[in-house]
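Report on the structure given below.
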Amino acid sequence: MFIYRQAASAVLLLGALASAARVLVDWNVGYVNLDRDGHSPRRAIGVNGAQPIPPVFATRGDTLVLTVHNSLDMSTSIHAHGLFQNGTNYMDGPAMVTQCGIPPGQSFTYEYEADHAGTFWLHGHDHHQNSDGLRTPLVVRERREPYHYDEEYLLSLEDWYPFEFAARLKDTLDPTKTFPPPASFPHALFNGHPTTPKLQFKPGKTYRIRIINMSTTEWFQFSLPGHQMHVIEADGEYSRPSAVDGLDMGPGQRYSVLVTAHPTDSHNYHYNATLYAGFVPRVEDKNPRYYQGLIEYREGSPIMPATEPKHFKWVNDVELCALSGNPPLPVDRQIELTVGGSLFTTGQIMDVINNITYAQPKIPSLYSAISLDAPLAMNETVYGPQTHAIVLQHLEYIELLVNSPNSLPHPMHLHGHAFQIIEYGPLGNNSEPVRRFSSEVNAPMQRDTIVIPVNSYVKLRFRADNPGVWLFHCHMDIHFGMGMALTFIEAPDVLRQRQRVPDSMLELCRAQGIRTEGNAAGNPGFDLTGLPTPPIRANRNVPALPPIDV
Ligand SMILES: *[C@@H]1O[C@H](CO)[C@@H](O)[C@H](O)[C@H]1NC(C)=O
Ligand SMILES: *[C@@H]1O[C@H](CO)[C@@H](O)[C@H](O)[C@H]1NC(C)=O
Ligand SMILES: *[C@@H]1O[C@H](CO)[C@@H](O)[C@H](O)[C@H]1NC(C)=O
Ligand SMILES: *[C@@H]1O[C@H](CO)[C@@H](O)[C@H](O)[C@H]1NC(C)=O
Ligand SMILES: *[C@@H]1O[C@H](CO)[C@@H](O)[C@H](O)[C@H]1NC(C)=O
Ligand SMILES: *[C@@H]1O[C@H](CO)[C@@H](O)[C@H](O)[C@H]1NC(C)=O
Ligand SMILES: [Cu+2]
């Protein structure tokens, strides 16, 4: 069936014996017709004629060799969400950031190391194809897992819409239409299917359940009433076990939990998954949508009625303690960022970070960083006014202070790094931060996607130890499409000495008449002619960005 279960012991044995392998994956990316709920047939994107796309499994140190043939009518590219691409920045995937998209009818082979272990995903990073189904889990196992468990389950959660993303983005940016377009109330998919898979438990065994939120827009809550979950991993970083009753996950986020089965098989249980958007009106049976799945100990055993714990405890990423034991990083430079929406003189509402709305340059930013002489490449101007380039010095310790004076949460994702979560707090409030890394948590968690709560700030730290061009963006595809993104240009001086873009990648650009050298406009020096004039913000702010779905 569609539940991915593996016996951990066999995997461990194999892992211990085998040396690094090449994991070969062949994807013919094309359109498929799908009807997920019986009354909304639509075109979606699948692989080798099928949807859902089978998950990819690897062991740390393996080389992932992913050949993509593009059978779509537009360009495509694939990002391995959560891998660091250390030394292979050009394989990261985002179109016009680190590569030109693969043109229709052409093939390209990604090849890179599965550089750390955890729960990740592969997804399209061109034209928001992620939202239309181009996404699947990527599980990288540790050669020797730090925790013992008997078996593992993989559960990917997705929101699924009755229309294609491009239509929604077009309506959202159309100043003659109401903003935002009416809520669309997606359905949930579980491992790519509309029904919940059965989890089979054997008495006394311990299970690792990997839960991935591959949503476009909506949040998921997950709980196993009647069982205790212990979080051991978030976004590819192991934590000390943390007992929780529920997971509340933003788009892009992942957790692993350990669950020990009850000693007898006298009862079966339910697990709960709720798809919701806190920023969309509550509508009975539509938002939230409640789903239940079966935890089956023995076929036909009665279901144990769920009892809510007295003090239901949600996972809290600032309270998790990294298993690595690494203390908080020092700070060389603080970068303050404010995310939100803004009205432009075109009548459009677009998203901004520090008042800049992201737009793709004429050549991939990485190719500017590599082709320009070091003094030029260190100057943010050459990346153009709308890539929102921020140049980082090699090995600098960075603290991001991200303010979100917004009425909806944003799941912000950083490529190429995992950041430490130092602090959260309310904005415009001089009282103590609500949640802060404390002396009890002597090792803050690192993750690559953080949900910034409404009207709050967060402090995140990382070290600029991975030369490359890395996107920082909201993982709600609609916000990314509306411009909530910026580009870190990390140590271009070191990058150009260490990395050479394979010719097969430059060929992807040439095939589409895109230059591979020069500034954001593909010109020498500071000459940016050819880039569109950035839109001008209207003289008044959007009072509060209204709720928006998809
Ligand atoms: C998944 O992530 C999306 C966007 O990042 C978020 O809107 C949604 O609530 C998340 N769902 C779950 C189940 O965590
Ligand atoms: C699980 O879902 C059921 C049915 O929707 C609900 O009655 C119950 O309160 C939920 N339990 C938890 C712990 O969320
Ligand atoms: C953005 O523009 C507003 C004026 O519209 C200004 O008050 C604010 O300081 C600007 N923010 C940044 C980070 O430049
Ligand atoms: C970058 O280049 C511009 C244009 O020549 C110049 O005005 C600016 O001072 C430079 N910035 C830095 C940090 O050197
Ligand atoms: C400030 O934050 C505290 C929680 O830390 C909260 O109790 C209080 O209501 C907040 N005050 C305002 C004005 O938002
Ligand atoms: C990248 O590799 C270098 C050299 O091995 C290492 O020092 C650095 O910590 C790595 N960075 C990341 C983000 O993995
Ligand atoms: Cu957002």
Side-chain angles (χ1 to χ4, degrees), residues 60-61 79-94 97-98 112-118 235-238 322-337 353-354 364-383 387-402 412-423 437 442-450 458-473 485-501:
R60 186 159 69 90
H79 167 57
H81 182 128
L83 294 191
F84 294 142
Q85 300 289 5
N86 200 340
T88 48
N89 180 218
Y90 44 83
M91 291 286 171
D92 195 40
V97 179
T98 57
Y112 46 79
E113 190 187 331
D115 51 16
H116 64 300
D235 295 0
E237 168 96 0
Y238 284 93
L323 191 63
S324 66
N326 293 336
L329 296 169
V331 179
D332 293 327
R333 170 152 72 125
Q334 190 192 60
I335 298 173
E336 184 167 357
L337 303 171
I353 301 181
N354 290 359
S365 301
L366 170 64
Y367 299 176
S368 298
I370 281 192
S371 67
L372 296 171
D373 287 337
L376 267 181
M378 300 299 281
N379 187 313
E380 287 155 4
T381 312
V382 300
Y383 299 95
T387 54
H388 198 165
I390 298 179
V391 171
L392 306 179
Q393 307 294 322
H394 189 43
L395 301 182
E396 209 177 9
Y397 290 102
I398 302 294
E399 179 171 86
L400 300 181
L401 166 58
V402 191
M412 301 300 296
H413 170 48
L414 177 61
H415 289 225
H417 291 275
F419 37 67
Q420 288 183 330
I421 299 165
I422 302 295
E423 184 177 310
F437 154 80
N442 51 20
M445 273 300 273
Q446 276 179 268
R447 58 190 317 174
D448 57 48
T449 307
I450 184 164
V458 291
K459 284 184 182 166
L460 312 169
R461 291 184 194 165
F462 66 97
R463 190 175 197 200
D465 61 3
N466 190 8
V469 172
W470 307 113
L471 212 55
F472 181 60
H473 67 95
L486 62 73
T487 320
F488 286 114
I489 313 285
E490 183 176 329
D493 44 349
V494 180
L495 176 66
R496 71 199 306 256
Q497 285 166 22
R498 293 195 187 162
Q499 292 185 37
R500 205 182 144 265
V501 179

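- Take H473 and apply the ring pair (Phe, Tyr, Trp, His ring centres under 6.0 Å) test, not counting sequence neighbours, and it matches H125, H413, H415, H475, F480.
- For the pair N89 and P467, the minimum side-chain heavy-atom distance is 4.5 Å or more.
- In this structure, the separation between OG1 on T387 and CD on E380 is 9.0 Å, given to the nearest 0.5 Å.
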Evaluate side chain to side chain contact (heavy atoms under 4.5 Å, CB included) for I335 paired with I390, printing each intermediate quantity in order. CA-CA 9 Å; I335 298 173; I390 298 179; 4.0 Å; yes
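- To the nearest 0.5 Å, the span separating NE2 on H388 from CZ on F472 amounts to 11.0 Å.
- Judged by distance alone, with hydrogens and angles left aside, the side-chain atoms of E396 form no donor-acceptor pair with the main-chain N or O of A464 at under 3.5 Å.
- Two residues are said to be in side-chain contact when any heavy atoms from C-beta on lie closer than 4.5 Å; I421 and R447 meet this criterion.
- M412 is listed as a side-chain neighbour of I353, based on a closest heavy-atom distance under 4.5 Å.
- For E490 (side chain) and D465 (main-chain N/O), a donor-acceptor pair under 3.5 Å exists by modelled atom type.
- Side chain of D115 to main chain of F84: a donor-acceptor pair is present (N/O by atom type, distance under 3.5 Å, no hydrogens or angles).
- Interatomic distance, E237 CD to F419 CZ, rounded to the nearest 0.5 Å: 11.5 Å.
- There is a side-chain donor-acceptor pair under 3.5 Å between H81 and D448.
- When V469, L414, L471 are each tested for a side-chain contact (heavy atoms from CB on, under 4.5 Å) with F488, only one passes: L414.
- Remark: D92 CG to L83 CG distance equals 9.0 Å, nearest 0.5 Å.
- With hydrogens and angles disregarded, a donor-acceptor distance shorter than 3.5 Å links the side chain of R463 to the backbone of L395.
- Closest approach of N466 to G87, counting heavy atoms only: OD1-N, 4.0 Å.
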R461 vs V331, side chain to side chain contact (heavy atoms under 4.5 Å, CB included): CA-CA, chis, key distance, verdict: CA-CA 8 Å; R461 291 184 194 165; V331 179; 3.3 Å; yes
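- Scored by the side chain to side chain donor-acceptor pair (under 3.5 Å) test, Q334 finds E399 as partners (sequence neighbours excluded).
- Scanning both residues, Y90 and R500, for their nearest heavy atoms gives CE2-O, 3.5 Å.
- For the pair F462/L392, a side-chain contact is recorded, criterion being any heavy-atom separation below 4.5 Å from C-beta on.
- At least one side-chain heavy atom of L337 sits under 4.5 Å from a side-chain heavy atom of L486.
- Here the CG-CH2 distance, from L366 to W470, works out to 9.0 Å after rounding to the nearest 0.5 Å.
- For T487, there are no side chain to side chain donor-acceptor pair (under 3.5 Å) partners two or more places apart in sequence or in a different chain.
- In this structure, CE in M445 is found 9.0 Å from CG in L323, a value given to the nearest 0.5 Å.
- Minimum heavy-atom separation, Y397 to L329: CE2-CD2, 3.9 Å.
- In this structure, R496 and D373 have side chains that are in contact, with non-hydrogen atoms separated by less than 4.5 Å.
- Looking at E423, its side chain never comes within 3.5 Å of a backbone N or O of K459 through a donor-acceptor pair.
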Could you go step by step and tell me if Q393 and M378 meet the side chain to side chain contact (heavy atoms under 4.5 Å, CB included) rule? CA-CA 9 Å; Q393 307 294 322; M378 300 299 281; 3.5 Å; yes
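- One N or O on the side chain of N379 and one on the backbone of T381 form a donor-acceptor pair closer than 3.5 Å.
- Remark: the backbone N or O of A377 is paired with a side-chain donor or acceptor of Y383 at under 3.5 angstrom.
- Without hydrogens or angle criteria, Q420 side chain to P327 main chain gives a donor-acceptor distance under 3.5 Å.
- No side-chain donor-acceptor contact under 3.5 Å links D493 to the backbone of A374.
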